[in-house]
Amino acid sequence: MNIYLLALVLIAAAFTGNTVNYMLGGYLGPKVFKEKNKILKLEYYQQTHAFFEKHGALAVIFSRFMPIIRTIAPFVAGVSQMPFLKYSLYNIIGGASWILVFLFAGYFLGNVPFFKAHFALVGIIIILVSIIPAIFAAIRSRMAKRPVVH
């Protein structure tokens, strides 16, 4: 298989998948975030809107490299009504970067003896490193919500 053709197909798939997720967020988001909803609270909708107003571009691009967040970010961008053309630009930048980095890293490193011999360990390290930013963000968020005791 031609790796360059594969890269183009994967970039198109990444872009299309996140675009559908964005559109679902735009369509469903305002309908499911309600004041009395215990899981999808209106407050969460307002927080996501503020977050994407402040960090939208970087959130869309860098979310590609973080498991779980990669799945949620396009939906949240749609919910927060990020302009579609702006979202699409960052979606293609993030998707292409994500595909090219991992496709070519795998292609070139796949035949290196160390990586062949320690494939499982390298995979675990990649997963751990990719979730560290989300863990720090969650800890920081919880710390900010704690009441200050004097």
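Just so it is clear, the structure is predicted and the values come from calculations on it, not from any experiment.
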Review point. What pairs of residues pass the side-chain hydrogen bond (donor to acceptor under 3.5 Å, both in side chains) test when at least one of them lies in residues 86-101, not counting sequence neighbours?
Key: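 As it turns out, the side-chain hydrogen bond (donor to acceptor under 3.5 Å, both in side chains) pairs with a partner in residues 86-101, which skip direct neighbours, are Thr19-Asn91, Arg64-Asn91.
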Identify, with sequence neighbours excluded, every residue that meets side chain to side chain contact (heavy atoms under 4.5 Å, CB included) alongside [X].
X: Ile125; answer: Leu121, Val129
X: Met1; answer: Leu6
X: Ile132; answer: Phe136
X: Phe108; answer: Phe104

**Whichever hydrophobic residues join Leu8 through chains of side-chain contacts under 4.5 Å** =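 Reading the cluster by chain and number, Leu8 sits alone, since nothing else belongs.
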Who else is in the cluster with Val9 when I, L, V, M, F, W and Y are joined by side-chain contacts under 4.5 Å?
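Val9 clusters with Leu5.
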Heavy-atom closest pair, residues Ser63 and Ala73: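 Closest approach of Ser63 to Ala73: OG-CB, 3.4 Å.
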Item to complete: Search all heavy atoms of Ile99 against all heavy atoms of Ala7 and return the closest pair with its distance.
Response: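 Nearest heavy atoms, Ile99 then Ala7: CG2-O, 4.0 Å.
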Quiz item: Can you name the residues that form a ring-ring contact (aromatic ring centres under 6.0 Å, His included) with Phe84, not counting sequence neighbours?
Solution: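 With sequence neighbours excluded, Phe84 shows a ring-ring contact (aromatic ring centres under 6.0 Å, His included) to Tyr22, given in chain and number order.
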- [ ] Could you list the residues that satisfy side-chain hydrogen bond (donor to acceptor under 3.5 Å, both in side chains) with Asn18, not counting sequence neighbours?
- [x]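 Applying side-chain hydrogen bond (donor to acceptor under 3.5 Å, both in side chains) to Asn18 gives none.
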* Taking the side chain as C-beta and beyond, is there a heavy-atom pair between Val76 and Met82 under 4.5 Å? ->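 In short, these two side chains do not touch, never coming nearer than 4.5 Å.
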